[in-house]
Number of protein chains: 2
Amino acid sequence: MGSRKTTPLKDFSLGTHRCSVDLRLEKLGMVPFFDDLDHDELRVINQKFSATHHHADETIYHQDERARMLRVVVHGAVKLVRHTMEGKDVLLDMLEPGEYFGNLSTTGNAVYSETTRAQTDVCILSTRMNDFRSLLNDYPNVAMRVLDITAERLQSSQEKIRHLTTLPVKERIAHILVMLSEKFGEQSAYGLLLQLPLSRKDLADMAGTSTETASRIMSDLQDRNIINTGRQWVAICDIDRLADIADG
Amino acid sequence: MGSRKTTPLKDFSLGTHRCSVDLRLEKLGMVPFFDDLDHDELRVINQKFSATHHHADETIYHQDERARMLRVVVHGAVKLVRHTMEGKDVLLDMLEPGEYFGNLSTTGNAVYSETTRAQTDVCILSTRMNDFRSLLNDYPNVAMRVLDITAERLQSSQEKIRHLTTLPVKERIAHILVMLSEKFGEQSAYGLLLQLPLSRKDLADMAGTSTETASRIMSDLQDRNIINTGRQWVAICDIDRLADIADG
DNA sequence: GCACTAAAATGATCTGGCTCAATTAAGGAA
DNA sequence: TTCCTTAATTGAGCCAGATCATTTTAGTGC
């Protein structure tokens with residue numbers, strides 16, 4: 001494995017990124033609950049959204065802040081974190097372009113139930129919650145899709161609970177890597193590369209374990225040639241064996 | 001503290017239970033997403049539901065079965081369980097009258113993602129998923145409320161993940177007892193009695209621990225006069241101290 | 001009241017994963 | 001190429017909680 005001098009990860013920086021109307025429309029069209037809409041409808045909806053950029057590691061909003069916006073990832077990856085007073089973070093999800101976050105509900109005093117942080121430089125489209133709600137009124141199909149997607153997320157959240165309570169750490173980590181590869185995997189010289197910066201701590205916070213344990217497990221996986229990994233990056237060499245580990 | 005000879009729990013058996021139209025309407029009216037509707041609208045909706053009874057411990061539907069129905073608890077308590085091939089169950093929730101379960105989504109090949117079992121004798125109203133969906137089309141307000149409730153459940157599922165990954169078992173159990181008391185608590189001679197049969201195994205499966213550990217913790221709580229407990233029942237004597245334990 | 005059964009309690013032992021404490025090395029910056 | 005920061009690794013000891021094996025007891029049914 002010769003001497004590498006740079007991350008295999010691509011450059012997410014927004015230096016050149018221009019949020020053209022076309023790009024916005026394209027990304028909005030990728031949002032699962034907008035995929036029934038035609039081009040003209042998307043143009044109308046696009047009006048309601050405004051774009052913002054955030055640098056990697058910047059916090060987009062904080063847990064417990066008053067929740068006013070619904071957002072969509074256009075570029076980059078967003079990390080969804082719930083934290084405890086003791087400073088132990090739980091990493092709930094990593095979002096890719098086309099996924100939404102923020103708040104859906106119009107219940108008066110809603111607050112965000114998690115903190116979201118830019119995992120790379122990101123571009124985000126935001127709309128006021130109320131605008132989004134009236135949009136749901138105008139497009140009942142979209143409302144149904146939003147319901148479906150929320151129900152799906154509930155499912156997978158419950159599946160995560162099952163993992164946390166029944167599986168040993170090694171299986172949990174294997175599982176997480178498989179999931180991430182479905183979202184962020186990209187063929188490369190190093191194997192199926194997860195196209196986002198991903199530290200041992202991130203993995204640990206996702207698996208509900210300590211950084212040290214995550215590190216030991218990753219080392220073991222690398223020794224067995226199942227993955228290939230460096231500082232903040234992971235590539236999967238043998239997805240089948242990894243999947244085997246993931247379910248016992 | 002004298003010698004008790006019978007459970008303090010009330011009798012849930014359906015021997016005498018008759019699902020009169022009035023009772024059905026009352027319970028449907030309690031369902032959070034129907035609470036905007038007036039009496040006449042409820043009567044229409046009621047037509048779409050049919051009632052079934054199940055004895056305690058009976059399975060209502062199995063995980064991975066094809067999901068066709070949406071159901072509402074009318075009488076009794078329903079246990080929501082996800083199980084693993086290794087036979088380790090995870091108890092996701094206990095539902096009280098007025099709560100819904102089953103499937104919301106119309107995605108073609110949906111299957112139930114959990115098993116539901118009658119925790120007591122129960123009476124359930126069911127409707128075909130498709131009928132429910134068209135109902136959501138006819139009553140957009142209801143659709144919005146369903147979305148809100150699903151989003152709320154997602155929140156609390158994520159909060160559960162936080163607990164499982166960051167809190168020690170004792171705190172998790174204390175927390176679960178507090179939650180259950182909000183749903184099932186009822187003043188009684190023994191304290192705030194949880195009005196449902198609840199074994200050490202149920203608690204263990206909710207907290208993601210072993211029956212033995214759950215038992216030890218319950219014994220300790222009883223020794224400290226925080227709870228009062230017997231076979232399949234729990235009463236809370238000192239909810240404040242319990243809440244203190246629940247958050248460190 | 002007595003006997004029976006499944007739930008609960010309890011004891012003893014073992015271990016996965018955590019914590020604390022260094023050490024090593026990857027990869028960006030200059 | 002070298003330096004420097006911070007991520008990652010590795011080791012050693014420890015402990016919460018699991019597991020296994022009994023014993024006890026609550027509560028039901030007779």
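Just so we're on the same page: letters track the sequence lines, and every chain starts at 1. Just the heavy atoms: all of them, side chains too, but no hydrogens, waters or symmetry mates, feed the values below.
Among residues at least two apart or in separate chains, there is no salt bridge (Lys or Arg N to Asp or Glu O under 4.0 Å) pair with a member in residues 190-199 of chain A.
Between A:D202 and A:K79 there is a salt bridge, since at least one side-chain N of the basic residue sits less than 4.0 Å from a carboxylate O of the acidic one. The pair A:K201-A:D205 meets the salt-bridge criterion, with a side-chain N (NZ, NE, NH1 or NH2) lying under 4.0 Å from an Asp/Glu carboxylate O.
The CD atom of A:Q222 sits 7 Å away from the P atom of D:dT9 (whole-angstrom rounding). The separation between A:K170 atom NZ and C:dG17 atom C1' is 12 Å, rounded to whole Å. Per the geometry, CG belonging to A:L221 stands 15 Å off C1' belonging to D:dT9, to the nearest Å. One interatomic measurement links the two molecules: CG of B:N228 to C1' of C:dA8, which rounds to 15 Å at whole-angstrom precision. Here the P atom of nucleotide D:dA26 and the CZ atom of B:R231 are 9 Å apart, to the nearest Å. As a whole-Å value, the separation of A:L167 CG from D:dA18 C1' is 16 Å. Put simply, CG on B:L164 is 19 Å from P on D:dA16, counting in whole angstrom units. As a whole-Å value, the separation of B:L9 CG from D:dA26 P is 16 Å.
Among A:R117, A:R153, A:K183, the one residue that satisfies the salt bridge (charged side-chain N to carboxylate O under 4.0 Å, His left out) test with A:D93 is A:K183.
The minimum heavy-atom distance linking A:V111 with A:N103 is given by the pair O-ND2, 3.9 Å.
Residue B:T7 has a polar side-chain atom (N or O) positioned under 4.0 Å from OP1 or OP2 of D:dT28. Proximity of A:W233 to the phosphate of C:dA26: no side-chain N or O atom is located under 4.0 Å from OP1 or OP2.
Using a 4.0 Å heavy-atom distance criterion, A:K88 is classed as a sugar-phosphate-only contact.
Taking the six-membered ring where tryptophan is involved, the planes of A:H83 and A:H62 are tilted, since the angle between them lies from 30° to 60°. Note: A:W233 and A:Y190 have tilted aromatic rings, judged against thresholds of 30 and 60 degrees for the angle between ring planes.
Of the residues in residues 200-219 of chain B, those lying under 4.0 Å from DNA chain C by heavy-atom distance are B:R200, B:E212, B:S215, B:R216, B:S219.
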